[in-house]
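Within every chain, numbering begins at 1; the chains are lettered A, B, ... in the order of the sequence lines, protein sequences first and strands thereafter.
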Protein chains: 2
Amino acid sequence: MLQYQADLDRKFHALADPTRRALLERLGDGPAAVSDLAAPMDMTLTAVMQHLGVLEDSGLVRTRKTGRRRMCEIDAFGVTVVEEWIAHRKAQWERRFDRLGAVVSEAKSAREKRK
Amino acid sequence: MLQYQADLDRKFHALADPTRRALLERLGDGPAAVSDLAAPMDMTLTAVMQHLGVLEDSGLVRTRKTGRRRMCEIDAFGVTVVEEWIAHRKAQWERRFDRLGAVVSEAKSAREKRK
DNA sequence: GCGATACTTAAGCATATGCTTCAGTATCAG
DNA sequence: CTGATACTGAAGCATATGCTTAAGTATCGC
């Protein structure tokens with residue numbers, strides 16, 4: 001549970017940066033090497049490497065070294081926890097709205113009866 | 001578009017903290033005053049207020065002052081952008097997997113033909 | 001009115017984040 | 001072999017974050 005929270009922390013944090021989201025979008029088209037990812041970015045290779053480090057630690061991206069290049073790719077299952085957390089929250093809110101709705105219609109039918 | 005990115009930044013950042021996620025879960029049961037939210041937390045009221053400030057700035061929570069109390073509630077539409085961003089990414093990855101699948105089956109039928 | 005309640009504001013502080021530069025090390029290509 | 005390429009690692013630095021304490025202000029309940 002503690003580990004679960006830490007995982008969500010890392011994943012939401014990883015997603016909370018426009019550069020990292022751009023990297024994920026680029027990686028959505030397919031695997032790429034660090035320098036390919038860095039080329040269009042307006043910052044140093046080192047900075048991009050650090051962002052990739054955050055993404056990898058969060059489990060959203062996997063990388064492996066081949067020769068002198070490090071290939072990066074999306075870990076498609078990485079976002080699942082995030083998706084599920086949001087889905088659960090929405091379900092909770094909707095249950096509440098349903099109950100509110102029930103109360104409202106009860107009140108309404110009570111008014112009907114008095115007629 | 002710039003504003004869109006900043007909005008995602010704020011929302012993902014707001015969600016990247018266990019205390020703030022706990023506040024959202026609590027608010028999922030219905031509106032509550034700041035001190036009610038702070039009571040079960042292991043930190044000062046001021047700290048909880050600051051977390052609520054982050055949540056409100058991000059558009060995930062709305063608050064209004066009634067008397068000396070400040071009531072807080074979920075803004076159910078606040079997460080929509082976040083949900084959609086994730087949905088779009090997943091769709092992108094899946095399109096890619098489909099194309100990969102197509103390539104694989106083309107190669108396979110090419111092998112079949114050679115038989 | 002007046003003390004208790006519910007925030008509010010400001011300041012301070014330790015740590016984390018997002019960058020940079022610079023000096024490596026490990027491949028690869030000719 | 002040798003120079004270019006592709007990272008890697010360590011510092012350093014400005015700003016942001018997550019907290020705290022302390023001193024307000026504005027209701028509320030008796």
Side-chain angles (χ1 to χ4, degrees), chain A residues 2-3 5-27 30-73 82, chain B residues 2-3 5-27 30-73 82:
Chain A
L2 202 99
Q3 198 46 50
Q5 293 297 335
D7 190 38
L8 281 178
D9 284 2
R10 271 184 264 107
K11 279 171 175 160
F12 275 122
H13 170 67
L15 293 168
D17 181 286
T19 302
R20 287 193 290 262
R21 286 196 305 275
L23 286 172
L24 289 175
E25 296 193 26
R26 168 64 188 76
L27 286 173
V34 178
S35 42
D36 297 333
L37 294 168
M41 302 299 225
D42 194 21
M43 66 182 70
T44 61
L45 181 87
T46 307
V48 174
M49 290 269 303
Q50 286 165 2
H51 282 300
L52 284 168
V54 172
L55 286 169
E56 186 161 24
D57 288 347
S58 76
L60 294 172
V61 160
R62 265 173 302 112
T63 81
R64 70 202 143 81
K65 191 117 193 193
T66 41
R68 66 181 156 172
R69 309 207 305 157
R70 177 171 294 279
M71 294 302 289
C72 311
E73 63 182 322
V82 170
Chain B
L2 203 99
Q3 198 45 52
Q5 292 298 336
D7 190 37
L8 281 179
D9 284 2
R10 270 183 265 107
K11 278 171 177 162
F12 275 122
H13 170 67
L15 292 168
D17 181 285
T19 302
R20 287 193 289 263
R21 286 196 305 274
L23 287 171
L24 288 175
E25 295 192 28
R26 167 64 188 77
L27 286 173
V34 177
S35 42
D36 297 333
L37 294 169
M41 302 300 224
D42 194 22
M43 66 181 72
T44 61
L45 181 86
T46 306
V48 174
M49 291 269 302
Q50 285 165 1
H51 282 299
L52 284 167
V54 172
L55 286 168
E56 185 162 23
D57 288 348
S58 76
L60 295 172
V61 159
R62 264 173 304 110
T63 81
R64 68 202 145 77
K65 190 119 194 191
T66 41
R68 65 180 157 172
R69 309 209 305 159
R70 178 171 293 278
M71 294 302 289
C72 311
E73 64 182 321
V82 171

**Study point:** Within-4.5 Å side-chain heavy-atom neighbours: B:Val82 and A:Val82
**Key:** no
Review point. Would you say a side-chain N or O of A:Lys65 is under 4.0 Å from OP1 or OP2 of D:dT8?
Key: yes
Review point. For A:Arg70 and C:dA26, what is the distance between atoms CZ and P respectively, to the nearest whole Å?
Key: 14 Å
**Study point:** Gap between atoms CG and C1', on A:Leu37 and D:dA6 respectively (whole Å)
**Key:** 13 Å
**Study point:** Considering all heavy atoms, the nearest A:Ala22-A:Met41 contact
**Key:** CB-CE, 4.2 Å
Study note, to complete from the structure: Rounded to whole Å, CG of A:Leu52 lies from P of D:dC7 at a distance of 10 Å
Exercise for review: State, to 0.1 Å, how close A:Cys72 and A:Leu27 come at their nearest heavy-atom pair, and which atoms those are.
Suggested key: O-CD2, 3.4 Å
Review point. So, is A:Ser35 close to the D:dC7 phosphate, meaning a side-chain N or O under 4.0 Å from OP1 or OP2?
Key: yes
Exercise for review: Please state whether the phosphate of C:dA26, meaning OP1 or OP2, lies under 4.0 angstrom from any side-chain nitrogen or oxygen of A:Arg69.
Suggested key: no
Check your understanding: A:Leu23 CG to C:dC19 P: how many Å, rounded?
Key -> 11 Å
**Study point:** C:dA29 OP1/OP2 closer than 4.0 Å to side-chain N/O of A:Arg68
**Key:** no
Practice item. Send over the distance from A:Met49 CE to C:dA26 C1', rounded to a whole Å. Key: 13 Å
Check your understanding: Reckon B:His51 has a side-chain N or O less than 4.0 Å from the OP1 or OP2 of D:dC19?
Key -> yes
Review point. With nearest nucleotides of DNA chain C determined for B:Val34 and A:Asp42 from heavy-atom distances, which residue corresponds to the more 5′ nucleotide?
Key: B:Val34
Practice item. Calculate the interatomic distance between A:Leu45 atom CG and C:dT20 atom P; express it in whole Å. Key: 11 Å
**Study point:** Nearest-nucleotide 5' precedence on DNA chain C, A:Arg20 against A:Thr46
**Key:** A:Arg20
**Study point:** Rounded distance (Å) that lies between atom P of C:dG18 and atom CG of A:Leu15
**Key:** 12 Å
Review point. Could you give the distance from CG (A:Asp9) to CG (B:Leu15), rounded to the nearest 0.5 Å?
Key: 10.5 Å
Point to revise | For atom CG of A:Leu55 and atom P of C:dG18, their distance in whole Å | key: 11 Å
Review point. Would you say a side-chain N or O of B:Thr44 is under 4.0 Å from OP1 or OP2 of D:dT20?
Key: yes
Point to revise | Residue B:Ala47, side-chain atoms from C-beta onward, closest of C:dT20, D:dC19, D:dC7 | key: D:dC19
**Study point:** Salt bridge present between B:Asp36 and B:Arg69 (N-O < 4.0 angstrom)
**Key:** yes
Check your understanding: Does any donor-acceptor pair link the side chain of B:Gln50 with the base of D:dT20 at a separation under 3.5 Å?
Key -> yes
